[in-house]
Amino acid sequence: MPIAQAKRKLEGRDPAIIRMDHEKYEVISARIMDALENMVDTLEPTGIDEAFFDLTASTTGDYAKARERVASIKKAIFDDEYLTSSVGLGRSKAVAKLGSDMSKPNGLTVVLPEETAKFLAPIPASKLYGVGPKTSASLTEMGISTVAELTMAEPAELERRFGRKFGGYLLAVATGMDDGKVTKGLEPTQFSRIVTLKQDTRDPKEILDQLSGGIDYVHEKLAASSRSFKTITAIGVLIDLSTRTKSRSLETPLDDPTTLRGSILSLFEELGKSTGKDFRRVGIRVSGLSATGTQGSLNEFLRLAR
DNA sequence: ACAAGCGACGC
DNA sequence: CCAGCTTCGCTTGT
């Protein structure tokens with residue numbers, strides 16, 4: 001069972017990533033995302049102007065068909081919104097991503113499955129999806145700079161340095177065998193706002209004052225999406241840019257701004273004490289979001305039931 | 001299973 | 001390029 005499924009994944013999927021060359025304009029982006037949803041099998045937005053999508057089923061894994069489909073998608077976006085897009089088509093998310101990077105602006109790069117190894121070999125490992133500055137530095141220490149070199153690394157050493165999961169991912173992604181599926185986009189799970197203080201401080205009153213607009217913003221986001229939060233977090237960024245947080249979970253989700261202000265004030269009192277240093281930037285985050293409507297009627301029900 | 005805290009990555 | 005925002009994973013503790 002795992003084998004059959006893995007094989008299907010390995011041979012069958014053509015995720016592609018699309019990137020619009022003109023950013024901004026959330027509204028336009030949302031409109032395009034909506035349109036895209038009807039043109040692909042699965043759409044996974046990964047940012048305001050990017051999304052992975054899968055065409056495996058509707059093209060029966062045929063890359064020629066997939067290329068035509070992508071071309072028509074690019075044309076639709078251009079016709080509707082006068083925006084160009086850059087797309088990579090390949091056998092894994094990471095390959096598709098690299099292809100789209102390479103194709104911009106307004107391009108389409110197709111990496112056939114049998115070309116994958118040759119395509120990946122000379123690329124710097126630092127360009128791989130999921131490999132950032134920290135991982136790059138570690139790889140450099142190991143004498144690894146290209147993807148080809150990464151494929152030849154000792155699996156045991158990768159696992160030792162990066163852990164079983166991420167080490168395994170690195171090896172997989174280097175061979176184009178990363179098998180992360182394209183999944184449907186999810187609802188947001190948190191909202192946050194961070195501001196830079198006029199002067200470094202740990203004084204809760206001063207922080208609340210300067211963060212006030214941020215609290216309003218978060219509350220507006222909650223209201224706009226009819227959501228309540230279960231957890232509220234005070235975020236403090238120190239001068240060295242390290243982050244300290246203090247969070248509190250409620251028994252019942254709330255969305256009321258007064259609670260928000262009161263909680264954030266006491267959280268910053270605690271955070272300032274435990275940290276013992278001034279903050280350069282401060283923020284608020286709400287998470288554990290749930291639909292306010294549903295929760296409200298549940299509360300109503302419980303109240304009436306009594 | 002959930003809560004809390006931290007860090008890395010990507011956009 | 002940076003700042004700000006989001007998501008995810010790891011770790012520890014209950």
Side-chain angles (χ1 to χ4, degrees), chain A residues 17-26 29 33 44-52 85-86 88 93-94 96-98 100-101 104 125-139 159-170 173 178 180-198 210-211 213-215 217-218 220-222 224-225 227 229-253 263 266-268 270-275 279-290:
Chain A
I17 185 165
I18 187 162
R19 165 180 292 161
M20 289 172 278
D21 296 315
H22 302 72
E23 49 261 38
K24 309 290 187 198
Y25 306 137
E26 248 176 90
S29 298
M33 290 293 179
E44 179 182 349
T46 54
I48 183 138
D49 61 354
E50 285 200 356
F52 285 109
S85 49
S86 302
K93 281 186 172 182
K97 178 79 172 70
L98 288 166
S100 85
D101 288 342
K104 67 180 172 181
S126 61
K127 303 245 176 184
L128 290 170
Y129 192 59
V131 175
K134 297 289 179 179
T135 307
S136 289
S138 278
L139 290 174
E159 289 196 4
R160 187 170 54 72
R161 287 187 83 115
F162 299 106
R164 199 178 148 184
K165 185 159 184 174
F166 190 58
Y169 170 78
L170 283 176
V173 83
D178 52 300
K181 294 187 200 55
V182 177
T183 56
K184 290 178 68 168
L186 305 171
E187 296 297 305
T189 62
Q190 60 179 229
F191 297 124
S192 69
R193 195 73 160 178
I194 298 183
V195 300
T196 302
L197 294 166
K198 296 192 185 86
Q210 295 197 41
L211 193 53
I215 297 173
Y217 169 84
V218 167
E220 279 163 24
K221 294 283 280 186
L222 286 168
S225 55
R227 281 167 184 276
F229 59 89
K230 182 120 168 58
T231 303
I232 176 168
T233 304
I235 306 168
V237 181
L238 303 178
I239 297 156
D240 66 2
L241 298 187
S242 63
T243 302
R244 299 301 138 97
T245 60
K246 189 79 190 169
S247 59
R248 179 182 302 152
S249 291
L250 308 171
E251 285 175 22
T252 316
S263 298
S266 65
L267 283 169
F268 268 113
E270 297 170 33
L271 187 61
K273 269 180 204 150
S274 64
T275 302
F279 303 116
R280 169 154 299 176
R281 299 164 58 208
V282 293
I284 174 179
R285 172 164 64 224
V286 292
S287 54
L289 305 184
S290 57

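The chains referred to below are lettered A, B, ... by the order of the sequence lines, with proteins before strands, and numbering in each begins at 1.
- The separation between A:E50 atom CD and B:dC9 atom P is 17 Å, rounded to whole Å.
- By the 4.0 Å N-to-carboxylate-O rule, A:R193 lies too far from A:E220 to be salt-bridged with it.
- Using cut-offs of 30° and 60° on the angle between ring planes, the pair A:Y169 and A:F166 is parallel.
- Distance from the side chain of A:T245 is smallest to B:dC6 among B:dC11, C:dG9, B:dC6.
- Residue A:L241 contributes atom CG, which lies 15 Å from atom P of C:dC5 at whole-angstrom precision.
- In this entry the distance linking CZ of A:F162 with P of B:dC9 reads 9 Å, nearest Å.
- One finds no side-chain N or O of A:T46 lying less than 4.0 angstrom from the OP1 or OP2 phosphate oxygen of B:dC11.
- Residue A:P133 has its side chain nearest to B:dC9 when only B:dC11, C:dT6, B:dC9 are considered.
- A:I284 comes within 4.0 angstrom of no nucleic acid atom, judged by non-hydrogen atoms across all strands.
- Contact check, A:T135 against B:dA8: no side-chain N or O comes under 4.0 Å of OP1 or OP2.
- The distance between atom CD1 of A:I235 and atom P of B:dA4, rounded to the nearest whole Å, is 14 Å.
- Here the nucleotide nearest the side chain of A:S249, chosen from B:dC11, B:dA3, C:dT7, is B:dA3.
- You'll find that the side chain of A:R244 is closest to B:dC6, out of C:dT6, B:dC9, B:dC6.
- Atom OH in A:Y217 sits about 6 Å away from atom P in C:dC5, given to the nearest Å.
- Using a 4.0 Å cut-off, no side-chain N or O of A:K230 falls inside it from OP1 or OP2 of B:dC2.
- Atom CD of A:E44 is separated from atom C1' of B:dC11 by 14 Å (rounded to the nearest Å).
- Closest heavy-atom contact between A:A234 and A:L267: CB-CB, 3.7 Å.
- Considering CG of A:L139 and CZ of A:R161, their distance stands at 8.0 Å, rounded to 0.5 Å.
- Paired regions of DNA chain C, where each region holds three or more successive Watson-Crick or G-U pairs whose two hydrogen-bonding distances fall under 3.5 Å, are B:1-8 with C:7-14.
- For B:dG5, one of the phosphate oxygens OP1 or OP2 lies less than 4.0 angstrom from a side-chain nitrogen or oxygen of A:K246.
- Geometric assessment of A:K93 against the ring of A:F52 yields a positive cation-pi assignment under the 6.0 Å and 45° thresholds.
- A donor-acceptor contact closer than 3.5 angstrom is absent between the side chains of A:R285 and A:T245.
- Under the rule for a side chain to side chain contact (heavy atoms under 4.5 Å, CB included), the partners of A:L250 that lie at least two apart in sequence or sit in another chain are A:F229, A:L254.
- Between the CD atom in A:E50 and the OG atom in A:S85 there is a gap of 11.5 Å [rounded to 0.5 Å].
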Restricting to nitrogen or oxygen on both sides, can you table the protein-nucleotides 1-4 of chain C pairs closer than 3.5 Å?
from, atom 1, to, atom 2, distance (Å)
C:dG4, OP1, A:T196, OG1, 3.3
C:dG4, OP2, A:T196, OG1, 3.3
C:dG4, OP2, A:R281, NE, 2.8
C:dG4, OP2, A:R281, NH2, 2.9

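- Between the side chain of A:S242 and the main chain of A:L238, no donor-acceptor pair closer than 3.5 Å is present.
- Within 4.0 Å (heavy atoms only), A:F166 reaches no atom of the nucleic acid at all.
- A:Q210 contributes no side-chain N or O that, together with a main-chain N or O of A:V195, makes up a donor-acceptor pair within less than 3.5 Å.
- Taking the side chain of A:Y129 as heavy atoms from C-beta on, and the options B:dC9, C:dT7, B:dC11, the nearest nucleotide is B:dC11.
- Following rounding to the nearest Å, A:F229 (CZ) and B:dA3 (P) show an atom-to-atom distance of 14 Å.
- Regarding contacts with the backbone of B:dG7, every side-chain N or O of A:T243 stays at 4.0 angstrom or more from both OP1 and OP2.
- A:S249 and A:T231 form a side-chain donor-acceptor contact under 3.5 Å, judged by distance and modelled atom types alone.
- Residue contacts shown for A:T189 are limited to sugar-phosphate atoms, with no base heavy atom under 4.0 Å away.
- One can place NZ of A:K127 at 16 Å from P of B:dC9, the figure rounded to the nearest angstrom.
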